[in-house]
Amino acid sequence: MERYRAIDFPLIRMRVSQTLIPTLREDPGEAETVSHRLMLRAGMIRKVAAGIYTYLPLGLRVLRKIERIVREEMNRAGAQELLMPVASPAELWRETGRWDFYGKELLRFKDRHERDFCLGPTHEEVITDLFRREVRSYRQMPLNFYQIQTKFRDEIRPRFGLMRGREFIMKDAYSFDRDETGARLNYQKMYDAYNRIFRRCGLTFRPVEADTGLIGGTSSHEFMVLADTGEETIVYSEEGTYAANVERAEVLPPDACDGDEHRPLAAVPTPGRRTVEEVTTFLKITPRQLVKTLLYDTGKETVAILVRGDHDVNEIKVKRLLGATELELVKPELVPSLIGAPVGYVGPVGLKQIRILADWAVKAMANFVVGANQADTHFVNANWERDFRVDQFADLRNAQAGDPSPRKDGVLKTAKGIEVGHVFMLGTKYSQAMKATFLDAQGQEQLAVMGCYGIGVSRTAAASVEQNHDAKGIKWPVPIAPFHVTLLPLSQSQPVTQLAETLYGTLQDAGIEVLWDDRDDRAGVKFNDADLIGAPYHLVIGDKGLAQGQVELKLRHTGETKKVTPDQVLATLSSWLSTAV
RNA sequence: CGGGGCGUAGCGCAGCCCGGUAGCGCGCCUGCUUUGGGAGCAGGAUGUCGGAGGUUCAAAUCCUCUCGCCCCGACCA
């Protein structure tokens, strides 16, 4: 079977005149991002409420294409498809504690009997419940279930169209294994499947080490589509293999220390200079010679975090080190009551009650500048140990471009990415909370070792647009394009119309998906809509060309055109399509 | 939730400051002409000016409240 064959749902209307494809000539005011703008303009999606969209026929076809690839690869990897409900009862979520922990992102409601429900933002609880009810024996394992389904997360701020919706389509899979080894194997299978899926979708992407966030678990990778508009920052080694989300990327302690002799601590006036930039400019030093002191509240205690002036605190790392579930910067108005100086002048010297944690980079510094805990004053030539106590040194900052790779395989660079997939090793977090056990070969009760694996299907569509577009519109990769070919008869003349109809039939019979622009519109309108909608190939039939016995084929991606005779069209397109897939 | 902005025809916008009963472009409908990169002419339809209340002889315009949306931030897949 040829792989570009028409997708397996009924293709009844492929004529533009009979399909709702409300293209927009102008940019809609609500859209900022490329994918959002172009998908609205191409008539693929329409907004219903903030972060909630209707997929119009063209948009839906793209989703179906992606879903089809996902299904094929999930099935190939041995996962079985099922479908869980959108609504789930609070009891399941209370069992794992996530009813409280998940926060406002979980959209809750009551049924007519006043029972608590939520719209599923993910389905660990539901699937684990299924597992514990239905699976008894190790003989039934390993298992891997997946579904492609609508998820709802009540995002604080939905944005960018399909990139960050509240309602979105996700493929989620959950594996249950007898032991850690089996779980690792399933994890690897999913990791490999994800690589295949995104490659088949025609995306430029990179798997990176990631934080586990609200889902929890022991290790995870994110699949990032590389695009400047991405919301995530990744660091990677160009020379080596290391790649990670900045949230996650480890930073090695510097091996060289500033060996300068310790000079005497001195207070200097820094009137009105609060920010790193203001202070360093005023004192004519670089941010690398200054240490920032940030006060955080964990709900239980206040801690001071010290990082070098040009570094950013990584709150995830701080949380992990402290074992805290909450971590918030102390509100600026509360700072004076804690240390006697306003924000901008906080420093570690003389901090009594507050625990002081410092990033490794600080350990390597000498004679640096810190706030003096007194308004309009900083200390110069501060040195840790001599001038203040550090309770613990640790990796507490975000990795940056220029840092050495933690694998020692080169220097890190940064890039922006869109997270389209995420695989997690969950371990027994959920099976333990929900008592999902099975009997092993010795008749002993064991906890299932789980993994979970998500792909943002609708986000993948948007990510593809972010990566493949030009000023005219979208350039869909062949495997996920809503149609392979847009057929553009440029006039209503009898020979043109007749040839269009013939070729439309010929191509469809060969399994090539054709969108026939049969509207009685000007050539310019059709060309522009075709470019906007972005099918990879355009077939143009005009009176002039036809007089020479020729039609024109255009490649949307490169803009190249090729004149062929009508009877060469099928062979040409078939060969293009088979090499493109 | 904090900061900024916007809701006027299907879409993009003007009008609001300075109150006098709504306009432009595109699209849409009809007809004729046109037809290889968003046609021309002629005619036509379309608005509870986001909603509620108030001030006023009179409110799109001023005031109060409210709802929705967009952008930045905190948060997050």
Side-chain angles (χ1 to χ4, degrees), chain A residues 20 22-33 36-37 40-41 43 46-52 102-106 121-122 151-172 210-216 220-225 230-232 245 247 315-316 326-329 331-333 417-424 452-460 462-463 472-473 488-493 496 519-532 538 540-548 550-552 554 559 561 563:
Chain A
L20 184 66
T23 56
L24 301 173
R25 187 178 288 211
E26 289 171 89
D27 282 334
E30 71 182 62
E32 206 82 342
T33 330
H36 190 192
R37 226 177 54 221
L40 282 168
R41 281 194 55 202
R46 282 296 183 264
K47 187 176 65 184
V48 177
I52 300 178
Y102 219 104
K104 289 192 175 162
E105 225 176 288
L106 189 64
T122 175
K151 295 276 189 276
F152 198 98
R153 295 183 189 174
D154 201 358
E155 284 284 331
I156 291 174
R157 184 148 92 85
R159 54 186 133 176
F160 307 147
L162 296 194
M163 290 258 276
R164 182 173 289 274
R166 290 194 290 171
E167 185 175 301
F168 57 100
I169 296 176
M170 185 172 177
K171 185 286 305 177
D172 46 329
D211 185 66
T212 52
L214 271 186
I215 307 285
S220 84
H221 285 87
E222 288 168 333
F223 286 77
M224 296 286 193
V225 167
E231 292 186 86
E232 304 287 336
N245 192 314
E247 287 180 349
E315 296 184 3
I316 291 170
E326 281 174 52
L327 187 73
E328 246 180 78
L329 266 174
K331 299 213 181 344
E333 59 272 21
I418 301 164
E419 181 190 351
V420 288
H422 204 155
V423 293
F424 297 86
C452 77
Y453 319 94
I455 287 180
V457 173
S458 39
R459 183 184 276 184
T460 299
K472 287 267 174 186
L488 304 163
L490 295 186
S491 85
Q492 301 298 113
S493 77
V496 167
R519 296 173 299 176
D520 182 8
D521 250 311
R522 303 186 64 83
V525 173
K526 295 190 180 191
F527 284 135
N528 281 302
D529 273 354
D531 287 339
L532 181 59
H538 299 173
V540 182
I541 306 175
D543 286 303
K544 287 181 192 164
L546 209 49
Q548 333 274 313
Q550 288 188 318
V551 298
E552 188 176 284
K554 175 181 154 184
T561 59
K563 292 201 192 309

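Every chain is numbered from 1, with letters handed out A, B, ... down the list of sequences.
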Enquirer: Confirm from the modelled atom types if A/Arg41 and B/G38 form a donor-acceptor pair under 3.5 Å, side chain to base only.
Expert: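 Answer yes: a donor N or O sits under 3.5 Å from an acceptor.
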Enquirer: Please enumerate all protein N or O atoms sitting under 3.5 Å from an N or O of nucleotides 23-30 of chain B, with distances to 0.1 Å.
Expert:
from: B/G25; atom 1: N2; to: A/Glu26; atom 2: OE2; distance (Å): 3.0

Enquirer: The criterion is salt bridge (charged side-chain N to carboxylate O under 4.0 Å, His left out); which residues satisfy it with A/Lys563, sequence neighbours excluded?
Expert: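 Once residues adjacent in sequence are excluded, the partners of A/Lys563 under the salt bridge (charged side-chain N to carboxylate O under 4.0 Å, His left out) criterion are A/Glu552.
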Enquirer: Salt bridge (charged side-chain N to carboxylate O under 4.0 Å, His left out) with A/Asp543: which residues, sequence neighbours excluded?
Expert: none
Enquirer: Between A/Lys526 and A/Phe160, name the one whose nearest nucleotide on RNA chain B is closer to the 5' end.
Expert: A/Lys526
Enquirer: Quick one: side chain to side chain donor-acceptor pair (under 3.5 Å) partners of A/Arg519, sequence neighbours excluded?
Expert: A/Asp517, A/Asp529
Enquirer: For A/Arg46, which residues count as a side-chain contact (heavy atoms from CB on, under 4.5 Å) partner, sequence neighbours excluded?
Expert: A/Pro22, A/Leu24, A/Leu40, A/Leu56
Enquirer: Consider the side chain of A/Arg159, meaning its heavy atoms from C-beta on, and name the nucleotide among B/G12, B/C72, B/G38 that approaches it most closely.
Expert: B/C72
Enquirer: If you look at every strand shown and take non-hydrogen atoms under 4.0 Å, does A/Gly51 touch a base, only sugar-phosphate, or nothing?
Expert: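 Since no nucleic acid heavy atom lies under 4.0 Å of A/Gly51, the category is nothing.
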Enquirer: Any side-chain to backbone donor/acceptor pair from A/Lys104 onto A/Ile156? Under 3.5 Å, distance only.
Expert: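 Absent.
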Enquirer: With respect to the phosphate group of B/U35, does any side-chain polar atom (N or O) of A/Arg522 fall under 4.0 Å of OP1 or OP2?
Expert: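 No, because none of the side-chain N or O atoms of A/Arg522 sits under 4.0 Å from OP1 or OP2 of B/U35.
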Enquirer: Sequence neighbours excluded, which residues qualify as salt bridge (charged side-chain N to carboxylate O under 4.0 Å, His left out) partners of A/Arg166?
Expert: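 A/Arg166: salt bridge (charged side-chain N to carboxylate O under 4.0 Å, His left out) contacts with A/Asp154.
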Enquirer: So what does A/Glu232 touch, heavy atoms closer than 4.0 Å: a base, only the sugar-phosphate, or nothing?
Expert: nothing
Enquirer: Separation of A/Met224 atom CE from B/C76 atom P, in whole Å?
Expert: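 The distance from CE of A/Met224 to P of B/C76 comes to 14 Å, rounded to the nearest Å.
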Enquirer: Considering heavy-atom distances to RNA chain B, does A/Phe168 or A/Pro158 have its closest nucleotide positioned more toward the 5' end?
Expert: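 Looking at RNA chain B, the more 5' nearest nucleotide goes with A/Pro158.
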